[in-house]
Amino acid sequence: MNATEAKTWNKLQKHLDDELANVRIEELNKCDKRSDLLSFNFDQLLVDFSKQKVNSNTMQLLFELGEELNLTNAIKNLASGDKVNTTENRPALHSALRLNPNDSLVLDGDDINRHVQIELARMSKVVDDITTGNWRGYSGKPITDVVNLGVGGSDLGPLLVCEALDEFKEAHSNPVDVHFASTMDGSQVSLLFERLNPETTLFVIVSKSFTTIDTLSNAASAKAWLLNAFQDESIIIKQHFIGISVSESKMEKWGIHPEHQLKLWDWVGGRFSLWSAVGLTIALKIGMANFRRLLNGANKLDQHFFSTDINQNIPVILGLLGIWNTNFLNIKAQAILPYDARLKYFPDYLTQLEMESNGKSVTLQGERISFDTCPILWGEVGPNAQHAFYQLLHQGTRKVACDFIAPVNRFSTITSEHEKSLHNQHLLTIANCFAQSRALMVGGSSAVDGGGSSELKNHKFYPGDQSSTTILIPELTPYSLGQLIALYEHKVFVMATIWGINPFDQWGVELGKLMANDTLRELNLDSMTMCFDASTNYLMNYVKSNFATFKGVEEDK
Ligand SMILES: O=P(O)(O)OC[C@H]1O[C@](O)(CO)[C@@H](O)[C@@H]1O
């Protein structure tokens with residue numbers, strides 16, 4: 001059944017028109033019992049929905065919508081390994097990557113957790129080899145730097161976690177620095193080539209498909225850089241490259257030594273894969289025990305998602321409110337605002353997770369849909385965003401739903417003046433987080449300087465009534481970060497289920513890749529390009545006639 005054909009869809013529309021269309025969120029928050037209805041605690045994670053434009057009837061109807069569209073069943077099917085990725089005929093079992101070692105999940109007669117645990121053990125051995133200094137470069141020196149070459153899901157997850165958990169860096173006997181290069185333009189690897197020593201640098205080629213040109217072109221440049229320093233190709237490849245992919249044959253063909261191939265499975269989507277060997281750089285940085293804690297946090301959230309009634313199920317509620325905002329309140333944008341600079345890559349990570357998953361316009365049955373799906377999602381570390389795009393949130397013409405995310409505890413060990421000062425900075429940050437969500441809700445109706453002419457008053461007016469959710473984690477640890485990421489993974493699935501779309505494929509990225517092949521072939525020809533449309537032909541010929549002549553043109557200016 002199409003979402004809009006559900007009886008409850010119409011009921012929700014009517015409920016909005018009758019009960020909430022002219023009610024401000026601020027009004028709804030005059031009720032003291034609001035947190036009883038809309039604040040949810042799970043394992044020290046607090047998710048507070050009280051600044052959403054909903055009342056108890058809305059929540060009831062959203063749960064009914066979930067029931068009517070078989071959400072509970074869909075969750076069961078996801079958990080048990082049904083082929084929920086229908087266009088690729090596969091399950092989506094990222095949750096299997098974080099099962100406890102003794103759990104089992106049988107798929108086609110095979111316990112896949114056995115394979116997961118074997119691969120984690122192989123990954124652990126690689127981590128040990130590198131961090132104890134056993135793994136040597138071509139000249140016999142221990143590895144000092146590991147570079148993750150990957151893009152999209154093979155980059156953003158490990159990058160997010162490595163940056164967020166820098167304070168959990170493990171004291172290894174041979175500590176290594178980890179680096180990330182994703183862009184096909186060579187800018188990132190070329191900078192690393194200047195800074196790093198080829199003798200002691202190891203590259204991890206992370207690519208689920210092992211066909212992604214962005215990653216393979218960076219890997220080719222890395223190989224050329226190493227061969228420039230030492231000409232024995234077999235030694236260079238064996239001692240300086242690890243491969244992580246579903247395709248053993250493609251890794252083999254590239255030359256990756258069999259022992260240095262770590263495996264992934266086609267039932268893990270790239271953007272859901274950081275929990276697998278794709279997280280090797282994470283484990284190198286924070287150690288295998290902390291990596292396991294990250295998995296445990298996600299697993300705990302999985303258990304909550306898979307076994308809690310939908311009216312108490314936090315990812316379900318996050319998803320249902322996403323539907324409410326997008327399809328009923330007409331909010332087409334979602335901002336992710338972590339009040340903690342360690343989470344600076346979380347908005348980028350979620351951009352892929354949500355927009356690549358739910359940026360769809362046909363149903364599972366292949367029918368074009370008539371309602372909006374994934375909102376435009378973006379974000380930034382909250383305090384910095386206050387000085388950048390919050391103006392639009394407060395006074396622009398668009399409705400934007402905001403997720404505020406903050407740790408409750410930070411810098412709480414106070415034994416010196418500078419620690420006291422840092423703790424004060426934490427309180428300042430929390431105060432800003434709560435002040436902003438409140439200001440977005442109440443707008444100009446409170447505490448705004450009302451002085452000046454009526455014209456100026458208009459400039460100073462804040463409409464308010466912007467919806468937001470606040471997520472508080474106890475403190476930022478591997479465990480709590482695992483929970484936070486899994487929360488959003490499941491939210492994406494919930495929204496997709498209500499919309500009736502497949503969140504696990506990404507056909508929309510293929511056309512551009514194909515066209516880039518033809519374009520590159522043409523770009524390499526000396527002759528004028530005439531075979532494309534007028535606009536593209538002009539741009540191609542402009543570059544062809546100028547890329548040599550534009551070099552150094554600014555020197556005299
Ligand atoms: O891991 P791979 O196969 O190199 O793919 C990288 C990324 O490219 C995409 O396929 C999109 O082009 C993403 O879904 C994926 O995370």
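Atoms within a ligand are numbered from 1 in the order they appear, just like the ligands themselves.
- Remark: Arg98 qualifies as a cation-pi partner of Trp275 under the 6.0 Å distance and 45° angle criteria applied to the six-membered ring.
- Distance from atom 6 (C) of ligand 1 to its nearest protein heavy atom, with residue and atom name: Val151 O, 3.2 Å.
- Heavy-atom contacts of Gly152 reach the following atoms of ligand 1: 16 (O) (cutoff under 4.0 Å).
- In this structure, Arg195 contributes its side chain and Ser190 its backbone to no donor-acceptor pair below 3.5 Å.
- For ligand 1, the atoms closer than 4.0 angstrom to any heavy atom of Thr212 are 2 (P), 3 (O), 4 (O), 5 (O).
- At under 3.5 Å, not a single nitrogen or oxygen of Val509, backbone or side chain, sits near a nitrogen or oxygen of ligand 1.
- Both the backbone and the side chain of Lys208 come within 4.0 Å of ligand 1, counting heavy atoms alone.
- Residue contact check for ligand 1: Lys513 places a non-hydrogen atom closer than 4.0 Å to it.
- Atoms of ligand 1 found under 4.0 Å from any heavy atom of Gly153, numbered from 1 in the order shown, are 15 (C), 16 (O).
- With hydrogens and angles disregarded, a donor-acceptor distance shorter than 3.5 Å links the side chain of Ser276 to the backbone of Ser273.
- Protein heavy atom closest to atom 3 (O) of ligand 1, with residue, atom name and distance, is Ser209 OG, 2.6 Å.
- Closest heavy-atom approach to atom 13 (C) of ligand 1 within the set Arg271, Glu356, Gln506: this belongs to Glu356.
- The aromatic rings of Phe493 and Phe305 lie perpendicular to each other, with more than 60° between the two planes, well past the 30° mark.
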* To do: Take Lys285 and Asp177 through the salt bridge (Lys or Arg N to Asp or Glu O under 4.0 Å) test and state the conclusion after the steps.
  => CA-CA 7 Å; Lys285 183 155 194 171; Asp177 278 337; over 6 Å; no

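- The presence of a protein heavy atom under 4.0 Å from atom 1 (O) of ligand 1 is confirmed.
- Salt-bridge formation is not detected for the pair Lys125/Glu119: no Lys NZ or Arg NE/NH1/NH2 atom is positioned less than 4.0 Å from an Asp or Glu carboxylate oxygen.
- Side-chain contact of Thr215 with Thr212: a donor-acceptor pair under 3.5 Å is absent, judged by distance alone.
- With a 6.0 Å cutoff to the six-membered ring centre and a 45° limit on the axis angle, Lys208 does not count as a cation-pi contact of Trp265.
- Inclusion of Thr215 in the set of residues having an N or O under 3.5 Å from an N or O of ligand 1 is not warranted.
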